[in-house]
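Report on the structure given below.
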Amino acid sequence: MTINAMKISSEAVTRVAYPVLGLLLLLLLWQGYIVLFDVPQAVLPRPLAVWNATINNLPLLLSEGRVTLLESVYGFLLAFFLGIPIAVAISSSRTLNLMFYPLLIATQALPKVALAPLILVWLGTGIESKLAIAWLVAFFPIVVDTATGLRSTPTEMLDLAASVRATGWQTFWKIKFPAALPFVITGSKVAITLAVIGAVIGEFISSNEGLGNLLLVANSQVNTPLAFAALLALAVLGMALYAVVAFVDIALKPWFSEVRH
Amino acid sequence: MTSSVAEPQSTPQEAGDIYGRFVGVRKVFGKQEGAMIALSDVDYELRKGELVALLGPSGCGKTTLLRIVAGLTKPSGGSVVIRGREVTEPQDDFGFVFQSPNLLPWRTVLSNVLFPMEIKGRLDAAAKARAVELLEHVGLGKFLKSRPHELSGGMKQRVALCRALIHSPSLLLMDEPFGALDELTRMEMHELLLGIRRLTGATVMFVTHSISEAVYLADEVLVFSARPGRVSDRIRIDLPYPRAASQRFTTAFSEYERRAGAGLGVLHHA
Ligand SMILES: Nc1ncnc2c1ncn2[C@@H]1O[C@H](COP(=O)(O)OP(=O)(O)O)[C@@H](O)[C@H]1O
Ligand SMILES: [Mg+2]
């Protein structure tokens with residue numbers, strides 16, 4: 001192994017080892033706090049109790065997790081496949097742009113989850129309403145980032161298109177759109193995280209399944225270890241979904257290296 | 001890399017027909033107060049098959065003039081007439097090489113070179129064969145399927161050159177194409193460009209701020225001065241063809257460099 005390769009692998013070890021060390025330290029503090037102040041389990045369970053609850057309820061966590069996963073993913077996909085055409089429409093028509101782009105930016109300030117109760121009234125308590133809330137929160141980052149990407153095509157690329165007499169349509173599909181893909185991915189990273197939050201909020205407001213629902217049920221039964229186990233499952237779910245998008249990002253990065261700045 | 005055909009060449013000056021005419025070409029950026037004259041009354045006759053270097057400090061309007069000729073920018077006054085027709089928009093038989101390689105990073109090398117043909121709806125077997133031939137000619141035959149990020153700066157600029165040549169343009173416009181390359185790569189590119197020019201007979205306008213690059217490549221050097229950008233000298237370079245690197249060290253060469261330097265105001269005539 002070369003010295004360089006050794007450096008890299010020791011760097012990799014450091015990058016894994018330190019967060020693990022940090023986590024262990026936190027768990028230790030957590031445990032220490034409970035022992036020291038004699039905190040009852042109903043208020044704060046010990047780390048080991050959470051772990052046991054996770055293992056014992058694994059089938060339940062998986063089946064409820066599947067529900068939340070589907071709500072989040074469908075919500076995200078809906079946001080993705082509706083958001084991109086809308087961003088394309090706003091970016092390619094000056095009229096549509098003038099009419100809707102400012103509104104779109106303005107709605108960024110609106111806390112979309114505030115609409116959740118209304119959506120439940122409209123769509124009922126089934127999966128549709130969760131999906132709709134997940135869609136709603138995931139939609140805006142995708143539209144706004146895609147639209148931003150379509151407006152930030154490097155001018156030299158546009159000159160290239162002009163110099164070969166590309167039509168507006170050709171310039172759009174062969175230059176602007178591919179050049180905007182890094183922005184689409186950035187938006188998707190935010191959107192996928194928000195979609196999970198949207199799904200859980202939908203479940204909080206009214207549901208009889210999903211991890212958000214499990215969290216509420218466990219809470220009402222003062223089964224704090226199970227509530228923590230549900231939280232842990234949610235964290236894993238969120239990170240896994242984010243990792244998928246981040247992976248696509250990393251895979252495409254070199255192709256787009258020159259577009260980003 | 002370059003197929004250095006050593007056959008004797010007629011000096012391009014003898015070709016001589018007028019290819020294009022620039023009459024009072026001006027460009028002003030901005031409105032009344034705070035307006036900036038980027039280019040002031042450029043008159044020039046561009047001869048067919050010649051290589052003209054536009055030499056000047058940065059900000060003197062070289063890119064602006066090149067863009068006006070390319071039809072990418074409208075002049076504020078005057079006109080550029082190429083082969084009897086005024087240029088008001090990009091033309092099908094022009095090729096443009098940008099200051100940065102300006103490749104589309106999501107496309108392969110081959111498909112970058114084919115981009116103009118794709119746009120023109122002429123993406124046929126002949127176009128592909130020509131693209132491969134061009135890339136082989138510039139020494140990139142093994143990189144057809146590579147992506148731009150896998151290439152060095154010099155390789156990228158060669159791809160950009162092939163892209164500009166794919167449709168056999170009669171006018172090649174180059175904006176400081178080798179400015180970002182190191183000295184050795186740049187000298188390789190000079191040989192490549194001279195070789196390609198010999199093969200294609202294209203008329204070339206070449207922007208540079210390097211005195212020796214201008215003198216080495218050009219049949220005529222237009223020396224620009226800044227604020228307002230205007231032509232301060234026209235130097236015919238009567239060095240024999242084919243040009244060879246050894247000519248860079250001749251007295252005649254230095255004399256041309258001295259005169260160009262004087263035109264730029266960096267040197268004074270002895
Ligand atoms: N689109 C533009 N708007 C305003 N000023 C410009 C624009 N393009 C160029 N200029 C100005 O015109 C002058 C000449 O620019 P340019 O032709 O790029 O010079 P050069 O290529 O010789 O460095 C510079 O001062 C530059 O700032
Ligand atoms: Mg310039």
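Side-chain atoms are counted along with the backbone in the values below, which use heavy atoms only and exclude waters and symmetry mates. Throughout, protein chains are lettered first and strands after them, A, B, ... in sequence-line order, and every chain is numbered starting at 1.
Counting heavy-atom pairs under 4.5 Å between each of B:Q99, B:Q91, B:H167 and chain A puts B:Q91 at the top. For the set B:P90, B:G95, B:A164, B:A70, the count of heavy-atom pairs under 4.5 angstrom toward chain A peaks at B:P90.
For the residue pair B:D175 / B:T63, a side-chain donor-acceptor distance below 3.5 Å is found, with atom types taken as modelled. Between the side chains of B:E213 and B:T208, at least one donor N or O sits under 3.5 Å from an acceptor N or O.
With a 4.5 Å cut-off on non-hydrogen atoms, A:I175 touches chain B through its backbone and its side chain both. With a 4.5 angstrom heavy-atom cutoff, B:E89 touches chain A only via side-chain atoms.
Remark: the backbone N or O of B:I166 is paired with a side-chain donor or acceptor of B:R130 at under 3.5 angstrom. A donor-acceptor pair under 3.5 Å links the side-chain atoms of B:T108 to the main chain of B:S111, judged by distance alone.
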